[in-house]
Amino acid sequence: NTATKKAIEGMELISGTYMELENLEVDVVKAVEDAKMTDQMMVWYPFPDAVADMANDVPEDIKATESVMNEMIELCKVLEDTELVKAAEAYKEAVDSLLDRVSDVASYAIVGDNAGAQNANMGMSATVGAITDAEAIFNQLLEEKMDSLVNERREYAQSLSDTAQMLVFVYIAVVILMIFIVNFSISKPAKNASNHLSKIIEKINNKEGDLTERIAVKTKDEVGQLV
């Protein structure tokens with residue numbers, strides 16, 4: 001029916017949103033790894049021109065990563081899941097801290113200030129650790145939500161199965177009731193009348209018949225008229 005169809009469509013929409021979130025999170029992980037690699041190369045790569053080229057690409061890379069993070073948060077809001085939104089925002093805050101640090105390193109690398117780049121890179125381990133923690137929390141929560149959705153879909157499917165079984169039982173009960181009604185109101189009276197009529201005919205054949213004998217009629221419906 002319409003309600004069932006809407007429920008299934010809603011569930012599929014939510015499921016698709018969670019899958020999209022998972023894909024975006026993979027993109028964020030790749031972007032973070034790229035940012036970490038770029039950061040290290042800008043600090044330690046011994047070729048200034050190549051370092052400057054990498055540094056010039058950093059703003060565009062940061063913009064792309066921020067766009068993905070914002071999209072993740074918006075999807076969490078679409079799901080109306082406050083817990084997931086908070087986890088995504090904390091994740092973004094940790095990633096932003098890394099991006100800010102990489103941006104600082106890039107600003108020094110562009111002008112060839114390697115000492116300044118190394119100084120800006122200090123504390124990177126703590127920044128990366130914060131991202132790892134935030135990522136783990138978000139992924140765990142996302143996995144729990146997806147598992148919960150799978151269980152809900154399984155229970156919903158089971159409820160549909162139970163409903164179908166119940167409808168079959170009701171159908172069988174109705175059929176049995178109809179058979180009983182037909183037997184009690186039609187078949188049994190007709191059979192009794194037929195048996196009675198057979199006895200009358202048998203008596204007539206044996207020259208013991210009483211043509212004044214009548215079959216008792218208890219109803220005025222079609223069966224009674226037939227009798």
Side-chain angles (χ1 to χ4, degrees), residues 1-40 42 54-107 123-167:
N1 55 30
T2 303
T4 301
K5 184 178 179 181
K6 287 184 177 180
I8 294 175
E9 289 176 350
M11 202 168 290
E12 291 296 335
L13 178 61
I14 293 174
S15 176
T17 303
Y18 277 119
M19 291 299 295
E20 190 173 353
L21 265 177
E22 198 170 47
N23 291 333
L24 288 173
E25 203 280 325
V26 171
D27 291 340
V28 170
V29 171
K30 291 179 180 178
V32 167
E33 291 302 317
D34 289 343
K36 287 159 56 179
M37 179 64 69
T38 300
D39 176 81
Q40 294 302 308
M42 286 189 299
M54 285 187 287
N56 284 322
D57 290 337
V58 165
E60 192 66 28
D61 294 339
I62 290 176
K63 183 179 179 180
T65 304
E66 289 177 338
S67 177
V68 174
M69 291 299 306
N70 289 331
E71 189 174 353
M72 279 180 56
I73 293 174
E74 288 305 313
L75 283 179
C76 292
K77 291 179 179 179
V78 168
L79 291 170
E80 299 182 349
D81 191 322
T82 304
E83 191 176 15
L84 200 58
V85 170
K86 289 182 178 179
E89 288 176 341
Y91 190 10
K92 182 179 184 300
E93 184 177 348
V95 172
D96 284 344
S97 179
L98 170 67
L99 298 178
D100 289 342
R101 190 176 293 277
V102 173
S103 179
D104 290 342
V105 171
S107 65
M124 178 62 77
S125 295
T127 301
V128 172
I131 291 177
T132 301
D133 292 341
E135 177 192 348
I137 292 172
F138 179 80
N139 278 334
Q140 181 179 355
L141 189 57
L142 182 60
E143 184 177 347
E144 289 175 357
K145 299 295 183 180
M146 293 185 72
D147 287 344
S148 177
L149 179 63
V150 169
N151 290 332
E152 287 179 8
R153 296 181 72 174
R154 185 183 297 114
E155 291 173 1
Y156 182 72
Q158 183 61 44
S159 69
L160 291 180
S161 177
D162 293 341
T163 301
Q165 291 179 9
M166 184 178 296
L167 289 175

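Since the model is a prediction, treat every value here as computed from it, not as a measurement.
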Inset, instruction - For Ser67 and Lys63, indicate whether the former's side chain and the latter's backbone hold a donor-acceptor pair under 3.5 Å. - result: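 A pair under 3.5 Å: no.
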Heavy-atom pair of closest approach, residues [X] and [Y]:
{"X": "Ala87", "Y": "Leu141", "result": "CB-CD2, 3.9 Å"}
{"X": "Ile73", "Y": "Glu89", "result": "CD1-CG, 3.9 Å"}
{"X": "Arg101", "Y": "Asp39", "result": "O-OD1, 4.5 Å"}
{"X": "Ala35", "Y": "Leu99", "result": "CB-CD2, 4.4 Å"}
{"X": "Val95", "Y": "Met69", "result": "CG2-SD, 4.3 Å"}
{"X": "Ala55", "Y": "Ala106", "result": "CB-O, 3.6 Å"}

How many angstroms lie between atom [atom1] of [X] and atom [atom2] of [Y], to the nearest 0.5 angstrom?
{"X": "Glu22", "Y": "Met72", "atom1": "CD", "atom2": "CE", "result": "10.5 Å"}
{"X": "Cys76", "Y": "Tyr91", "atom1": "SG", "atom2": "OH", "result": "12.0 Å"}
{"X": "Ile137", "Y": "Glu135", "atom1": "CD1", "atom2": "CD", "result": "11.0 Å"}
{"X": "Asp96", "Y": "Thr65", "atom1": "CG", "atom2": "OG1", "result": "9.5 Å"}
{"X": "Glu74", "Y": "Leu24", "atom1": "CD", "atom2": "CG", "result": "11.5 Å"}
{"X": "Thr17", "Y": "Asp81", "atom1": "OG1", "atom2": "CG", "result": "11.5 Å"}

Legend entry - Non-hydrogen side-chain atoms of Glu33 and Lys30 separated by less than 4.5 Å: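 They are not in contact (no side-chain heavy atoms under 4.5 Å apart), so the answer is no.
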Legend entry - side chain to side chain contact (heavy atoms under 4.5 Å, CB included) assessment of Leu98 paired with Met124: CA-CA 8 Å; Leu98 170 67; Met124 178 62 77; 3.4 Å; yes
Inset, instruction - For atom CD of Glu83, decide whether the heavy atoms of other residues, nucleotides or ligands shown that lie under 6.0 angstrom number more than 12. - result: no
Inset, instruction - Could you check Glu25 against Leu21 for side chain to side chain contact (heavy atoms under 4.5 Å, CB included), going step by step and ending with a plain yes or no? - result: CA-CA 6 Å; Glu25 203 280 325; Leu21 265 177; over 6 Å; no
Inset, instruction - Assess whether side chain to side chain contact (heavy atoms under 4.5 Å, CB included) is satisfied between Val58 and Met42, documenting all intermediate values. - result: CA-CA 10 Å; Val58 165; Met42 286 189 299; 4.0 Å; yes
Inset, instruction - Report the C-alpha distance between Asn70 and Lys92 in whole Å, list the side-chain angles of each, state the deciding distance to 0.1 Å, and finish with yes or no for side chain to side chain contact (heavy atoms under 4.5 Å, CB included). - result: CA-CA 8 Å; Asn70 289 331; Lys92 182 179 184 300; 2.8 Å; yes
